[in-house]
Amino acid sequence: MPGKEDDVKEFLDSGRALVEDEQATTAWFAIRLGPTSFGIFDVFPDDAGRDAHLSGPVAVALGEQTGALFSEPTIEKLDVLGSKLPA
């Protein structure tokens, strides 16, 4: 929502605490794509972990803020085809 960018940033900053106990959330990033565009990028070992996360605390919190901080979030599932990770 216009004018709520700082609130969205704070909301996303607090999201990390919600995923700390999710065993199947391998990595979680709150990202800013532009002045008014935000997202979450997360990594899971399998579809079961992804599905558990999408019905977990972050999903509930997103639903609670829909209409207040942002419009309906878009959730895109993707498969990483290549990567370079630290050893």
Side-chain angles (χ1 to χ4, degrees):
M1 301 291 220
K4 298 283 188 173
E5 294 82 5
D6 288 341
D7 295 330
V8 173
K9 183 183 175 305
E10 288 179 28
F11 170 76
L12 290 173
D13 287 343
S14 70
R16 180 175 179 215
L18 298 175
V19 298
E20 284 294 323
D21 293 329
E22 293 183 5
Q23 294 294 319
T25 302
T26 306
W28 184 92
F29 302 90
I31 58 175
R32 188 171 202 159
L33 301 165
T36 61
S37 183
F38 299 86
I40 295 172
F41 174 78
D42 22 38
V43 179
F44 312 96
D46 53 32
D47 285 336
R50 180 169 34 193
D51 292 341
H53 173 74
L54 292 175
S55 63
V58 171
V60 171
L62 283 170
E64 291 171 351
Q65 294 302 321
T66 298
L69 293 183
F70 38 76
S71 58
E72 186 70 32
T74 301
I75 297 174
E76 302 280 340
K77 293 182 179 181
L78 59 88
D79 294 315
V80 175
L81 301 179
S83 65
K84 179 186 181 293
L85 300 171

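The figures that follow rest on heavy atoms only: side chains count, while hydrogens, waters and symmetry mates do not. All values derive from a computational prediction rather than experimental measurement.
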Interatomic distance, CG@Leu18 vs CH2@Trp28, rounded to 0.5 Å, equals 7.5 Å

Taking every non-hydrogen atom, the tightest pair across Leu54 and Ala59: O-CB, 3.0 Å

Hey, what do you get for CG (Leu69) to CG (Asp6), rounding to the nearest 0.5 Å? 11.0 Å

Minimum side-chain heavy-atom gap Thr36-Pro2 below 4.5 Å: no

With no hydrogens and no angle check, is any side-chain donor or acceptor of Arg50 less than 3.5 Å from a backbone partner on His53? no

A side-chain contact here means heavy atoms from C-beta on lying under 4.5 Å apart; do Phe44 and Asp51 qualify? no

List the atom of Ala30, the atom of Leu12, and the distance in Å for their closest heavy-atom pair. CB-CB, 3.8 Å

List for me each residue that meets side chain to side chain donor-acceptor pair (under 3.5 Å) alongside Asp13, sequence neighbours excluded, and say none if there are none. Lys9

Applying the 4.5 Å side-chain criterion to the ILVMFWY set and letting contacts propagate, would Phe41 and Leu33 be lumped into a single cluster? yes

Please say whether more than 12 non-hydrogen atoms of neighbouring residues, nucleotides or ligands are located less than 6.0 Å from CZ in Arg32. yes

Where do Ala24 and Gly49 come nearest, in terms of heavy atoms and distance? CB-CA, 3.5 Å

The reported gap from CG in Asp47 to NZ in Lys77 (rounded to nearest 0.5 angstrom) is 6.5 Å

Atom CD of Gln23: over 12 foreign heavy atoms under 6.0 Å: no

Flag the pair Ile40 / Val58 as yes when at least one side-chain heavy-atom distance between them is below 4.5 Å, and no otherwise. yes

CD on Glu72 to OG1 on Thr74, rounded to 0.5 Å: 7.5 Å

Just wondering, do Gln65 and Phe70 contact through their side chains at under 4.5 Å, heavy atoms? yes

Co-membership, hydrophobic cluster, residues Val19 and Phe38, 4.5 Å side-chain: yes

